[in-house]
Number of protein chains: 2
Amino acid sequence: MRLGAAIGKMRGGGYKATPQRMAVLRALVEEQHQSLEEIRARCPEVGLVTVYRTLDLLGSLGIVRRLDLGDGARYELAENHHHHMICESCGDISEFEECPLDPERLPSGRADFEVRAHSLEVYGRCGACR
Amino acid sequence: MRLGAAIGKMRGGGYKATPQRMAVLRALVEEQHQSLEEIRARCPEVGLVTVYRTLDLLGSLGIVRRLDLGDGARYELAENHHHHMICESCGDISEFEECPLDPERLPSGRADFEVRAHSLEVYGRCGACR
DNA sequence: CACTAATTGAAAAAAATTTTCAGTTACGGA
DNA sequence: TCCGTAACTGAAAATTTTTTTCAATTAGTG
Ligand SMILES: [Mn+2]
Ligand SMILES: [Mn+2]
Ligand SMILES: [Zn+2]
Ligand SMILES: [Zn+2]
């Protein structure tokens, strides 16, 4: 279970698994790519500042990723492979699983850069908008 | 010449090629991934509000792209293929040319999504940081 | 159950971005 | 080349977003 792993990472780092943090985590599990206000709407009992701080903490633990694809900041559960399809017409963000990357052609050995994760954003028009 | 094309797009859209806009464009040509304040330092004669407005306009014309890779907003000249290498240790952002994507595996035909451009971010550690 | 470092949230502060509006200017047409 | 005008600019003010402060509270250890 996703939440269990997150609790483990928090405890391991000397952080408490408070009700507020759990509430924010649950909100993140419910849906990807939410804005701060959308997350907040899912846990109105948590103070604004605490939501900011929790997102920061989860970010530093590698649990959450902040992204900005044009319209303000959004948050999502982090994945090492992350592939987005973004409709430039309606703004819809969706994810797809199959990784279109050829590992051979990544800058692994080439430049001396150690690859840990990647995020691909494909821009275009979704079916509905065509 | 890059600036020539940009002027064409502005005129074509009914926008004026003002000295302020040209100054911002020149700043963008000088270096990729600059913050607003870095851009502003390169054209101090342009008012803050005008820089914001120019970046918006150039963005809507597809000339400039705004990105946020962790530390605040940054701006760059747009490319249909864009490949970033981001060091999670020192925060350095660099670009690489060779496209590691396999077009076959892009969600082109698969989902009915019409691909127009893409941006790949590879996260890891740069040579200097290892 | 007590202790304490970690956490919370309201208020205030700071930073980032947008709106307003009166004055200025680029540029197409005469 | 000169005019008319829609487009543009920038200072100030407003708004939005994010961070800091600090006194009160609490999770988790022993
Ligand atoms: Mn995602
Ligand atoms: Mn770039
Ligand atoms: Zn769409
Ligand atoms: Zn580095």
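Each chain gets a letter, A, B and so on, in the order the sequences are listed, and its residues count up from 1. This one's a predicted model, so the numbers in the text were calculated from it and none came from an experiment.
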### Earlier contact from the 5' end, DNA chain C, for B/Lys16 and A/Tyr15
A/Tyr15

### Query
Quick one: B/Leu57 CG to C/dT18 C1', roughly how many Å, whole number?
16 Å

### Query
Would you call B/Glu76-B/Arg65 a salt bridge at under 4.0 Å N-O?
yes

### Message
For A/His82 and A/His118, I'd like to know if the aromatic rings sit close, meaning centre-to-centre distance below 6.0 Å.
### Response
no

### Query
Side-chain N or O of A/Thr18 less than 4.0 angstrom from OP1 or OP2 on C/dT8?
yes

## Note on the structure
From CZ of A/Arg11 across to P of C/dA5 the rounded distance in Å is 19 Å

### Query
Would one find more than 12 heavy atoms of other residues, nucleotides or ligands at under 6.0 Å from atom CD of B/Glu45?
yes

### Summary
Rounding to 0.5 Å, atoms CZ (B/Arg21) and CG (B/Leu3) come to a distance of 14.5 Å

#### Entry: Salt-bridge criterion met for B/Asp56 and B/Arg53 (N-O under 4.0 Å)
no

### Closest-nucleotide ordering on DNA chain C, the 5'-leading residue of A/Thr54 and B/Ala17
A/Thr54

### Task
Using a 4.0 Å heavy-atom cut-off across all strands, classify A/Arg66 as base, sugar-phosphate, or nothing.
sugar-phosphate

### Message
Using a strict threshold of under 4.0 Å (side-chain N to carboxylate O), is an ion pair present between B/Glu31 and B/Arg26?
### Response
no

### Per-nucleotide protein contact string for nucleotides 9-15 of chain C, where B marks a base within reach and S marks sugar-phosphate only (heavy atoms under 4.0 Å, - for neither)
BBB----

### Query
Contact boundaries of DNA chain D with chain B (under 4.0 Å, heavy atoms), 5' to 3'?
D/dA6 to D/dA12

### Task
Look only at the side chain of A/Arg125 and the backbone of B/Val115, and say whether a donor-acceptor pair between them is shorter than 3.5 Å.
no

### Query
Should A/Arg2 and A/Glu79 count as an ion pair when the cut-off is N to O under 4.0 Å?
yes

